[in-house]
Amino acid sequence: MRIGVYPGSFDPVTKGHLDIIERASKIFEEVIVVVSINTSKSPLFTLEERMDLLKESCKHIKNIQVDSFNGLLINYMKKINSNVIIKGLRAVSDFEYEFQMALMNRTLEPDIETLFMMTTDKYSYLSSSLVKEVVRFGGKVTGLVPEIVENQLYKKIL
Ligand code: ADP
């Protein structure tokens, strides 16, 4: 079975992430969205909260699973027997880091491919950190994140 793995911190999941997940679910038989435990950024939402928000937001997609991983992503990939990492690209600013990561992962494990999917133009500026910043300064993020995420953001931050 073709399994694609979509990793990230998802702190919290945005409509930009969901767009990638929905499109990837049409390419792969199964997509596993994996939340990184050891993120360098200190997260606003706990691992459980980030996973629950993802599960709730992806309820309408049948071939999606949500999991978490710690340490090297390629070790997780080997464990679940997948060889495709899915990444979203927003702008040139994402490119350098993602390019570096993809090449490093290929050096570590030549059989694992990184597949880049271009963002949908209307979400190209959207990031979890920007969404949190807008809420912190009193702005509304309606339409940029799923509704349950929006409510949780106001609860957590305000
Ligand atoms: P963020 O950079 O928003 O904190 P994550 O670390 O959770 O996001 O990112 C996980 C993956 O989702 C990365 O591959 C990232 O490039 C991608 N991604 C995030 N936001 C978008 C978006 N608006 N459009 C396309 N891809 C995105």
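Note that the structure is predicted; figures quoted are calculated from it, not measured. As the structure lists them, so they are numbered: ligands from 1, and atoms in each ligand from 1. Note that the numbering runs from 1 along the sequence shown for the chain.
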If the cut-off is 4.0 Å to any non-hydrogen atom of [X], which atoms of ligand 1 fall inside it?
| X | value |
| --- | --- |
| Asp94 | 16 (O) |
| Phe10 | 7 (O) |
| Lys87 | 14 (O) |
| Tyr123 | 22 (C), 23 (N) |
| Tyr6 | 11 (C), 12 (O), 17 (C), 18 (N) |
| Ser127 | 3 (O) |
| Thr119 | 22 (C), 24 (N), 25 (C) |

Would you say the side-chain atoms of [X] pair up with the backbone N or O of [Y], donor to acceptor, closer than 3.5 Å?
| X | Y | answer |
| --- | --- | --- |
| Glu29 | Arg2 | yes |
| Arg136 | Ile157 | no |
| Thr120 | Tyr123 | no |
| Asp11 | Phe45 | yes |
| Arg50 | Ser9 | yes |
| Asn63 | Phe28 | yes |

Closest protein heavy atom (residue, atom, distance) for [atom]:
| atom | value |
| --- | --- |
| atom 3 (O) of ligand 1 | Ser128 N, 3.0 Å |
| atom 20 (N) of ligand 1 | Arg90 NH1, 3.2 Å |
| atom 4 (O) of ligand 1 | Lys41 NZ, 3.5 Å |

Please confirm whether [X] comes within less than 3.5 Å of ligand 1 when only nitrogen or oxygen atoms on both sides are compared.
| X | result |
| --- | --- |
| Ser124 | no |
| Ser129 | no |
| Ile20 | no |
| Gly8 | no |
| His17 | yes |

Can a salt bridge be assigned to the pair Arg23 and Asp19 using a cut-off of 4.0 Å between side-chain N and carboxylate O? yes
Between ligand 1 and [X], can you find any atom pair, the residue atom being a heavy atom, that is separated by under 4.0 Å?
| X | result |
| --- | --- |
| Pro7 | yes |
| Ser9 | yes |
| Tyr125 | no |

Minimum heavy-atom separation for Ser68 to Tyr76, with atom names? O-CE1, 3.8 Å
For residues Ile86 and Tyr6, report the shortest heavy-atom separation together with the two atoms involved. O-CD1, 3.2 Å
State, with a plain yes or no, whether a side-chain heavy atom of Glu30 is found less than 4.5 Å away from one of Ser82. no
Are Lys132 and Lys156 packed together at the side-chain level, in the sense that at least one heavy-atom pair is separated by less than 4.5 angstrom? no
Same cluster or not: Met117 versus Leu54, using hydrophobic residues (I, L, V, M, F, W, Y) connected whenever any side-chain heavy atoms lie under 4.5 Å apart? yes
Heavy atom under 4.0 Å from ligand 1: found in Asp11's side chain, backbone, both, or neither? neither
Name the option, out of Gly88, Ala91, Pro43, that contains the heavy atom nearest to atom 26 (N) of ligand 1. Gly88
